[in-house]
Asker: 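Please see the structure below; I have some questions.
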Amino acid sequence: MRELTTLTFKRVTRTMLLSIFVLVTGMYSALLSQCPTIQFVDLRGTPGFPQTDDLNVCGAPDTLSILMFTDAPGDVQGFEF
């Protein structure tokens, strides 16, 4: 009888661990699917866009052309540019 109880406990433990693993994996994939993909395209050398001449930290301001886009509709939360 004791061996049967031990085997039952092991099966229940394995089943619970497997269930927890499946649940956590599903929750992780659901969280990842909520994050939008943000892409950056460098427009240096592209005709029609301003070009960078001299980029200095303490010098005169210059222009850097970058296209930033996402395939998600609406605002991207938690992102500062």
Asker: Once you round to the nearest 0.5 Å, how far does OG1 of T15 lie from CD1 of I20?
Answerer: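 It comes to 11.0 Å.
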Asker: Say whether V24 and M16 are linked into one hydrophobic cluster, either directly or through other cluster members, by side-chain heavy-atom distances under 4.5 angstrom.
Answerer: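 Shared cluster, no.
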Asker: Would F40 end up clustered with F49 when hydrophobic side chains under 4.5 Å apart are linked, directly or stepwise?
Answerer: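 No, because F40 and F49 fall into different hydrophobic clusters, even though each may have its own neighbours under 4.5 Å.
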Asker: Can you see which heavy atom on S65 is nearest to which on P50, and at what distance?
Answerer: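 Heavy atoms of S65 and P50 come nearest at OG-O, 2.8 Å.
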Asker: Which distance, rounded to the nearest 0.5 Å, do you find between the CG of D42 and the CD1 of I66?
Answerer: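 One gets 6.5 Å once the value is rounded to the nearest 0.5 Å.
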